[in-house]
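The block underneath contains the structure these notes are about, expressed in structure tokens.
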Amino acid sequence: MYEYDPLEIETKWQEFWLRNKTFQTPEDTEAPKYYVLDMFPYPSGSGLHVGHPEGYTATDIIARYKRMKGFNVLHPIGWDAFGLPAEQYAIRTGTHPRETTEKNIVRFREQLQMLGFSYDWDREVNTTDPDYYKWTQWIFLKLYEKGLAYQDEVAVNWCPELGTVLANEEVIDGKSEVGGFPVVRKPMRQWMLRITEYAEQLLDDLENLEWPESTKEMQRNWIGRSIGADIDFQVADHDEKINVFTTRPDTIFGATYMVLAPEHHLVEQLTTEEQRETVAEYKEKAALKSDLERQELSKDKTGVFTGAYAINPANNKEIPIWVADYVLVHYGTGAIMAVPGEDERDWEFAEKYDLPIIRTVEPPEDFEGKAYTGLGQTINSDFLNGLETEEAKLKIINWLEKNGVGKKSINYKLRDWLFSRQRYWGEPFPVIHVDGEPKPVLESELPVELPEIDDFQPTESGEPPLARAKDWVVTKDPETGKTALRETNTMPQWAGSCWYYLRYISPQFDEGPVEKSGEEYWMPVDLYVGGSEHSVLHLLYARFWHKVLYDCGVVSTKEPFKKLVHQGMILGEMEYTAYRKNGQYLRPSDAGGMDDVEKVKLTEKDIEKRQEKFVLKGTDIEVDAKAYKMSKSRGNVINPDQVVDQFGADSLRLYEMFMGPLEQVKPWSTKGVEGVYRFLNRVWRLIIDEESGEIQKNVEETEPDKEQLKVLHEAIRKVTEDIENMRFNTAISALMIFVNEANQWEKLPVSVLNTFVLLLSPFAPHLAEEMWSRLGNSESLVYEPWPEFNEEYLKEETVMYPVQINGKVRGEVHVPSDKAKAKDYVLAQARKEKNVQRYLDGTTVVKEIFVPGRIINIVVK
RNA sequence: GCCCGGGUGGCGGAAUUGGUAGACGCGCCGGAUUCAAAAUCCGGUGGUAGCGAUACCGUGCCGGUUCGAGUCCGGCCCCGGGUACCA
């Protein structure tokens with residue numbers, strides 16, 4: 001027997017491609033280029049997950065398709081290899097992170113090659129390679145030169161468990177994103193990057209990107225631009241002024257008090273003698289609160305009076321100044337004018353502390369809430385009375401500017417990027433400290449390599465692990481000869497991934513991060529595919545660095561990634577669960593909070609659907625039906641190696657693309673893999689006789705007939721269109737339809753099969769290569785021209801029209817194609833149809849709708 | 001709370017500018033092959049009624065626009081993701 005043996009043919013072609021460097025990126029710049037990029041993986045110890053091949057298969061299909069369309073394709077892969085897990089493993093076992101990382105990379109590379117991806121393996125990058133991070137450090141020096149990198153004593157998110165600080169984005173609900181450990185606030189000296197400098201550009205340039213709207217929106221929200229005014233409030237009996245930011249300057253007449261954040265620099269000076277103790281106590285309490293506590297307590301507002309008063313510049317009234325932690329020191333100016341009538345938070349606070357409330361916007365008649373935050377007519381506001389909100393804003397800003405007490409202003413939520421970590425396994429900063437002052441390392445001294453150490457824990461004094469390498473830390477300033485200390489913080493994992501897409505263009509280039517002409521040819525990335533979990537972090541940071549590099553003249557485009565697509569998560573197989581306690585079944589909705597609930601795992605055979613719910617077969621017992629995120633603890637992780645072992649890489653690729661739209665979250669189904677495996681078997685048997693292992697007898701060098709051309713060209717049309725639009729599931733369905741049809745043909749023209757094999761090749765490249773060579777072609781099909789479809793072959797001899805009476809289909813008529821557009825003829829034929837006549841009998845025709853090539857609708861009374 | 005997505009058979013999902021809802025695959029049912037099974041092949045498969053032609057119902061719910069709505073508009077419900085005192 002000569003059955004379809006995926007393992008044999010896949011190994012054969014993978015070796016062929018590697019040996020012949022089939023996917024080596026072309027050096028010429030004649031042809032149009034296409035740069036298709038995957039988000040490179042962190043090579044974890046657990047190996048490839050079925051989620052990885054999803055995006056990678058999608059980009060691989062595009063890469064293979066574009067090559068056949070005559071593009072020069074850049075399709076690289078690499079390793080985002082710095083990171084916590086290898087370091088934590090090192091702390092536990094003493095194994096150097098480099099060793100762990102190298103081992104994991106070998107495994108990942110093997111797994112990716114086993115799936116037949118058409119990467120150019122000569123362009124692999126590795127962020128932990130000194131030849132790579134040399135340029136990460138180089139870019140840091142550029143940031144430093146431009147004043148975009150600075151040190152600051154900041155209250156940081158310190159995670160004692162991990163022994164490091166975390167960026168705000170890495171803290172979720174007061175816990176570390178990695179590991180879920182508690183995070184506390186702690187003032188520390190840190191490196192910061194001035195991403196806020198680029199807030200405006202990062203926001204504006206989103207507009208022209210072909211990115212998912214939701215991702216753009218997330219970045220917009222993250223940057224958080226708001227337009228309003230800065231206003232000065234003179235403090236009564238003081239020289240000081242309090243500057244506030246507000247988006248509602250039109251409500252200034254309703255500002256009945258002010259609030260400073262506990263950390264505001266004027267709190268000390270303004271507090272009166274009587275209030276000193278109360279305020280000091282309050283400040284202390286606020287400082288001790290962790291992020292988590294702040295969020296939990298956010299419902300109940302607290303604050304204390306400073307004893308001081310400010311003067312509202314609009315009406316010269318004295319209003320009290322309070323301190324409260326519902327005002328955040330790092331947003332706006334850290335102080336607000338409180339307008340309880342128009343702001344829910346201020347209303348809540350005013351109610352609690354019995355402060356006056358004045359409405360300055362007329363709420364709608366049916367308005368029932370407390371603070372009215374909407375727009376409307378201005379009231380109780382002297383010269384603004386009667387104006388609509390937008391007009392009032394303009395007028396008051398004008399007035400403020402004229403009187404020198406305020407001006408129009410734009411504020412961003414975005415904060416500077418906390419860029420240092422107290423870790424070993426990251427890029428060392430190219431910085432030395434001389435006499436306590438930071439000094440950049442000379443470019444010629446790069447890379448600053450990681451020193452060898454044997455204990456990866458932070459030191460007893462709480463310094464980063466690098467401080468253990470004393471010989472490395474203590475150095476000399478080459479310029480002055482003075483003793484200098486190296487920076488012992490390292491860069492966060494995001495650093496290496498901020499520019500890796502540039503390194504692929506010229507991975508060996510040693511005069512800069514990227515070679516100029518290559519950059520000009522290949523950039524921007526035409527298609528970037530990766531998870532939506534990187535919507536803000538990686539994608540915002542990378543855009544920021546890119547813009548800095550643009551300003552430095554290193555890159556020629558303002559944006560790195562032209563088109564972005566997120567693949568949806570693959571969930572575990574569907575699970576059916578019934579809940580039982582003390583022998584009694586429970587409703588899933590009740591079982592949630594209870595103890596000692598027994599979960600009964602069921603299979604599809606045990607259940608049936610009743611109305612909206614699943615129940616235990618033959619009973620009323622409700623059953624939970626849900627697909628869960630794959631996780632080790634749940635035991636529902638699907639291992640790609642096993643799928644490949646059982647069905648082959650082509651089946652895995654094909655199944656992951658056939659599951660549904662790429663962007664969508666979808667559950668795994670082993671039965672579904674079997675389905676596409678059966679399809680590939682049918683392809684095999686269509687061409688190969690399993691008895692003899694030879695080409696089927698009915699495969700001949702004949703001219704295809706009309707029907708065959710029609711079926712083939714329909715497949716070409718559909719597959720081409722669907723690949724262009726990344727609708728891989730329906731493209732595969734079109735291939736299946738072709739095979740179903742072809743299976744019924746008596747004779748199979750070789751030319752038709754050749755074309756079909758080309759259509760199949762981006763999806764199932766191994767089987768396609770095998771069929772291609774067995775059909776008598778000598779070269780690999782990778783650079784064969786993509787089939788063109790011919791409209792002529794798609795024409796039908798007759799056209800079918802559904803016939804509706806009053807919008808309901810009552811029959812259909814077939815008319816010759818040449819008469820298909822003749823309204824009168826087609827309608828006449830329609831009226832002759834038996835069932836249609838039945839409905840026309842005894843009625844009057846009111847209207848006849850004729851949509852050429854589509855439908856007929858006869859409206860009767 | 002706010003901002004984005006999304007609700008279509010038993011399941012994953014198809015459906016051009018509004019034009020026959022359910023392509024393709026899974027599952028299920030029936031048949032062929034087989035000593036039997038697996039594999040394979042053929043046929044059927046939204047629900048209800050009917051031997052059948054056919055009819056009625058059907059794309060989360062309620063209403064609207066239209067000759068015609070899964071698709072457009074208004075109001076809700078549910079699920080998923082993001083975000084949260086951002087002045």
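Remember, it's a predicted structure, so these values are computed and weren't measured experimentally. Residue numbers start from 1 in every chain, and the chains themselves are labelled A, B, ... in the order their sequence lines are given, proteins ahead of strands.
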Spacing of the [atom1] atoms in [M] and [N] (rounded, Å):
N	M	atom1	value
B:rC61	B:rA69	P	15 Å
B:rU45	B:rG22	C1'	12 Å
B:rC24	B:rU17	P	22 Å
B:rG13	B:rG63	C1'	30 Å
B:rG74	B:rG5	P	14 Å
B:rG70	B:rC79	P	25 Å
B:rG18	B:rC73	C1'	13 Å
B:rC62	B:rC77	C1'	10 Å

Which one is paired to [N], where only Watson-Crick or G-U wobble pairs with both distances under 3.5 angstrom count?
N	answer
B:rA39	none
B:rA53	none
B:rC2	B:rG82
B:rG74	B:rC62
B:rA87	none
B:rU45	B:rG27

Please confirm whether the shortest side-chain N or O distance from [X] to OP1 or OP2 of [N] is below 4.0 Å.
X	N	value
A:Lys808	B:rC57	yes
A:Arg685	B:rC41	yes
A:Thr730	B:rG13	no
A:Tyr4	B:rU40	no
A:Asn740	B:rA23	no

Take atom [atom1] of [X] and atom [atom2] of [N], then tell me their distance rounded to the nearest Å.
X	N	atom1	atom2	result
A:Asp722	B:rG25	CG	C1'	15 Å
A:Leu735	B:rA23	CG	C1'	14 Å
A:Glu217	B:rU83	CD	P	14 Å
A:Asn729	B:rC24	CG	P	14 Å
A:Met569	B:rG6	CE	P	17 Å
A:Ile570	B:rG12	CD1	C1'	12 Å
A:Glu714	B:rA23	CD	P	16 Å

As a test of the definition: with a 90° window around 0 for syn, would you call B:rG9 syn or anti?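 Base orientation: syn.
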Are side-chain N/O atoms of [X] and [Y] paired as donor and acceptor at under 3.5 Å?
X	Y	result
A:Arg678	A:Asn681	no
A:Glu690	A:Tyr4	no
A:Thr196	A:Asp416	yes
A:Gln219	A:Lys216	no
A:Ser226	A:Tyr331	yes

Using a heavy-atom cut-off of under 4.0 Å over every strand shown, decide if [X] touches base, sugar-phosphate, or nothing.
X	answer
A:Ser669	nothing
A:Asn835	sugar-phosphate
A:Pro212	nothing
A:Arg727	nothing
A:Arg810	sugar-phosphate
A:Ile849	base
A:Ser214	sugar-phosphate
A:Val851	base
A:Lys413	base
A:Asn681	nothing
A:Lys834	nothing
A:Ser535	nothing
A:Phe349	nothing
A:Gln664	sugar-phosphate

Of the candidate nucleotides [options], which contains the atom at the shortest distance from the side chain of [X]?
X	options	result
A:Asn221	B:rC3, B:rC26, B:rG12	B:rC3
A:Phe658	B:rG19, B:rA87, B:rG25	B:rG25
A:Asp325	B:rA87, B:rC85, B:rA14	B:rC85
A:Met218	B:rC67, B:rG82, B:rG12	B:rG82
A:Tyr326	B:rU54, B:rC85, B:rC24	B:rC85

Are the charged groups of A:Glu54 and A:Lys666 less than 4.0 angstrom apart, N to O?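 Counted as a salt bridge, because a side-chain N and a carboxylate O are separated by less than 4.0 Å.
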Pair of N/O donor and acceptor under 3.5 Å linking B:rC11 base with A:Lys671 side chain: no
Report yes or no: is there a donor-acceptor pair, N or O only, under 3.5 Å between the side chain of A:Arg854 and the base of B:rU16? yes
With A:Tyr839, which of A:Gln804, A:Arg810, A:Lys808 fulfils side chain to side chain donor-acceptor pair (under 3.5 Å)?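 Among A:Gln804, A:Arg810, A:Lys808, the one meeting side chain to side chain donor-acceptor pair (under 3.5 Å) with A:Tyr839 is A:Arg810.
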Return the minimal non-hydrogen interatomic distance between A:Glu714 and A:Arg717, and the atom names on each side. OE2-NH2, 2.6 Å
With a 6.0 Å cut-off on ring centres, are A:Tyr801 and A:Phe850 close enough?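 Ring-ring flag for A:Tyr801/A:Phe850: true, centres closer than 6.0 Å.
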Between A:Arg838 and A:Glu812, which residue's closest nucleotide on RNA chain B lies nearer the 5′ terminus?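 With A:Glu812 and A:Arg838 compared, the 5'-side residue is A:Glu812.
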Closest-nucleotide ordering on RNA chain B, the 5'-leading residue of A:Asp343 and A:Tyr576: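 The 5'-side residue here is A:Tyr576.
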Has A:Glu342 got a side-chain atom pairing as donor or acceptor with A:Arg359's backbone, closer than 3.5 angstrom?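 Pair absent, no side-chain N/O of A:Glu342 close to backbone of A:Arg359.
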